[in-house]
Enquirer: 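Below: one structure in structure tokens.
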Amino acid sequence: MRIPVRDDLRALEGYHSPQVSVSVRLNTNESPTAPPAAWRDAFAAELSRLEWNRYPDRAAVALRGAIAALHGLDPAQVFVANGSNEVLQTLVLTFAGPGRTVATFEPTYQMHAQIARVTGARVVEGERRADFTLDLDEVRRICADEAPVITFLCSPNNPTGLVEPAANVHAVMAVAPGLVVVDEAYGQFADWSAISLIDEETPLVVTRTFSKTWSMAGARLGYLLGPSWLVAELDKVTLPYHLDASKQIAGRLALQYVDDMEARVAHIVAQRERIQAAFAAMPVDFWPSGANFVLFRPQHLPGKDVWQGLLDRDVLVRDCSGWPRLGDCLRVTVGTSEENDVFLKALGEVLA
Ligand SMILES: *Cc1c(COP(=O)(O)O)cnc(C)c1O
């Protein structure tokens with residue numbers, strides 16, 4: 001006997017990102033390189049001394065303190081969870097849920113709407129302009145007509161790569177009737193951050209992750225920066241001891257290697273510019289990216305065929321061609337320079 005799921009979940013589809021075994025994997029926006037060996041050794045040393053019979057520090061004091069110091073904020077303004085997706089889920093559980101509305105501006109990160117729907121919240125999807133930039137008239141209309149308790153932005157936006165200009169974030173804050181969330185999973189790749197706008201009086205939060213710039217997707221660690229009253233509410237909703245002891249150590253130690261992280265980011269940014277320069281000389285349209293991936297659309301071939309052609313050459317990119325508003329689009333994660341060589345050569349062959 002199968003028990004029926006909640007009525008409102010029946011139409012829901014899970015998160016899909018096909019994992020095919022290939023030699024060049026450029027589909028999930030991970031870092032192509034590992035964290036520093038010194039981090040791995042320090043982590044192993046601390047793990048060997050861990051008191052496994054004890055619950056972890058429930059407030060993750062050391063980790064929060066290190067994150068707060070990195071951003072020049074107070075530890076009470078930092079919330080930490082198992083990946084920024086769990087941060088977003090806790091946020092929506094706390095402020096949205098049944099009877100409340102969440103706004104997104106599409107195309108954007110699919111999990112914003114997905115997580116909100118799972119909590120029972122109503123999701124209103126506003127439209128971006130044809131070039132995927134934010135349409136402030138649409139933002140005003142949605143905020144006035146739908147009164148969202150949470151308005152999501154994503155900068156740089158996934159999957160378009162576009163950075164949300166500061167003026168847009170200010171404009172959204174001016175009209176949003178509730179909380180504004182800026183998802184900065186790729187924040188370090190961009191030239192500005194909304195973290196500078198955080199203060200105790202403003203209903204604005206910024207979320208970040210260790211999964212991309214910190215080369216730690218395997219650790220599942222993310223955080224939120226925002227007013228301390230809001231962080232205190234999130235702390236009530238999250239499960240006790242949700243952040244295990246080893247993860248708290250992993251994150252705290254990672255923050256001792258900021259220079260390594262920044263060097264990796266600089267390398268990826270240079271490679272991203274190289275890929276975009278190559279695209280400019282190919283029959284593809286692409287969107288200027290501020291992240292570690294580039295969205296592109298072949299001009300003369302169906303996106304699906306190009307995706308398959310790349311796969312036949314052992315290169316996996318993200319197939320966005322079937323996603324709403326993204327007909328024929330593909331998204332490539334910036335890899336190592338060798339991986340990008342293979343990708344660009346394969347793309348040139350497929351398009352020829
Ligand atoms: C990758 C990604 C995340 C996910 O982060 P985790 O910390 O791995 O859960 C969040 N937001 C966006 C926009 C992303 O692309």
Side-chain angles (χ1 to χ4, degrees), residues 14-17 19 25-32 35 60 63 67 78-93 102-116 118 125 128 132 134 150-164 169 180-190 193-195 205-226 234 238 242-244 247-248 250-251 254-255 261 265 268 272 287 289-295 317-318 320 323 326 329-335:
Y15 178 82
H16 293 294
S17 181
Q19 294 298 337
R25 206 166 74 178
L26 304 175
N27 67 329
T28 49
N29 299 345
E30 293 150 319
S31 165
L63 176 58
I67 293 170
V78 180
F79 174 76
V80 197
N82 295 283
S84 57
N85 281 322
E86 192 183 58
V87 171
L88 297 169
Q89 186 185 56
T90 310
L91 201 55
V92 181
L93 281 170
V102 161
T104 63
F105 295 91
E106 303 294 330
T108 190
Y109 186 48
Q110 294 171 316
M111 291 306 297
H112 294 161
Q114 162 91 8
I115 291 168
V118 169
E125 297 186 347
R128 288 170 183 268
F132 298 150
L134 195 63
I150 297 178
T151 300
F152 278 107
L153 294 176
C154 187
S155 180
N157 192 18
N158 181 6
T160 65
L162 297 181
V163 176
E164 208 60 79
V169 176
V180 176
V181 178
V182 184
D183 182 336
E184 290 193 358
Y186 306 93
Q188 294 95 331
F189 294 112
S193 166
I195 292 173
V205 299
V206 174
T207 60
R208 290 231 166 160
T209 176
F210 282 74
S211 298
K212 315 283 166 55
T213 49
W214 290 100
S215 297
M216 285 169 61
R220 310 302 304 125
L221 184 59
Y223 61 92
L224 169 148
L225 305 168
L234 301 182
T238 199
H242 68 298
L243 212 62
D244 71 79
K247 183 171 312 193
Q248 295 186 33
L255 298 179
M261 182 275 283
V265 167
I268 299 266
R272 175 189 78 204
W287 286 263
S289 172
N292 67 337
F293 56 85
V294 186
L295 185 73
V317 300
R318 192 70 182 267
C320 311
W323 299 4
L326 293 171
C329 288
L330 304 176
R331 191 195 67 192
V332 63
T333 303
V334 179

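Counting starts at 1 for both ligands and their atoms, following the listed order. Position 1 is the first residue of the sequence; numbering continues from there.
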Enquirer: Would you check whether K212 reaches within less than 4.0 Å of ligand 1, judged by its heavy atoms?
Expert: yes
Enquirer: Quick check on M111 - does any of its heavy atoms sit under 4.0 Å from an atom of ligand 1?
Expert: no
Enquirer: Do T333 and T28 come within less than 4.5 Å of each other through their side chains, counting heavy atoms only?
Expert: no
Enquirer: Does any N or O in the side chain of K247 come within less than 3.5 Å of the main-chain N or O of N82, such that one atom is a donor and the other an acceptor?
Expert: no
Enquirer: Among all protein non-hydrogen atoms, which one is nearest to atom 9 (O) of ligand 1, and what is the separation to 0.1 Å?
Expert: R220 NH2, 2.8 Å
Enquirer: Applying salt bridge (charged side-chain N to carboxylate O under 4.0 Å, His left out), can you list everything that pairs with E30, at least two apart in sequence or on another chain?
Expert: R25
Enquirer: Relative to the ring of H112, is the ring of F152 parallel (under 30°), tilted (30 to 60°) or perpendicular (over 60°)?
Expert: parallel
Enquirer: Please give me the minimum heavy-atom distance between F293 and N157, naming the atom from each residue.
Expert: CZ-O, 3.4 Å
Enquirer: I need the atoms of ligand 1 closer than 4.0 Å to a non-hydrogen atom of S211, numbered in the order shown.
Expert: 6 (P), 7 (O), 8 (O)
Enquirer: State the atoms of ligand 1, each with its element, that fall below the 4.0 Å cut-off from a heavy-atom position in N85.
Expert: 4 (C), 9 (O)
Enquirer: What residue and atom, counting heavy atoms only, is the protein's closest point to atom 15 (O) of ligand 1, and at what distance?
Expert: Y186 OH, 2.6 Å
Enquirer: Quick one, Y186 and V163 - any side-chain contact, counting heavy atoms below 4.5 Å?
Expert: no
Enquirer: I'd like to know if F210 contacts ligand 1, where contact means a heavy-atom distance under 4.0 Å to any ligand atom.
Expert: no
Enquirer: Would you say G222 touches ligand 1, if touching means a heavy atom closer than 4.0 Å?
Expert: no
Enquirer: For the side chain of N292 and the backbone of F189, is there at least one donor-acceptor N/O pair under 3.5 Å apart?
Expert: no
Enquirer: Check contact between C154 and ligand 1, using heavy atoms of the residue and a distance below 4.0 angstrom.
Expert: yes
Enquirer: Return the minimal non-hydrogen interatomic distance between T213 and V265, and the atom names on each side.
Expert: CG2-CG2, 3.8 Å
Enquirer: How far is atom 10 (C) of ligand 1 from its nearest protein heavy atom, and which residue and atom name does that atom have?
Expert: S84 OG, 3.2 Å
Enquirer: Need the ligand 1 atom indices (1-based, order shown) with element for anything under 4.0 Å from a heavy-atom of T209.
Expert: 5 (O), 6 (P), 7 (O), 8 (O)
Enquirer: Which residue owns the protein heavy atom closest to atom 11 (N) of ligand 1, what's the atom, and how far is it?
Expert: D183 OD2, 2.7 Å
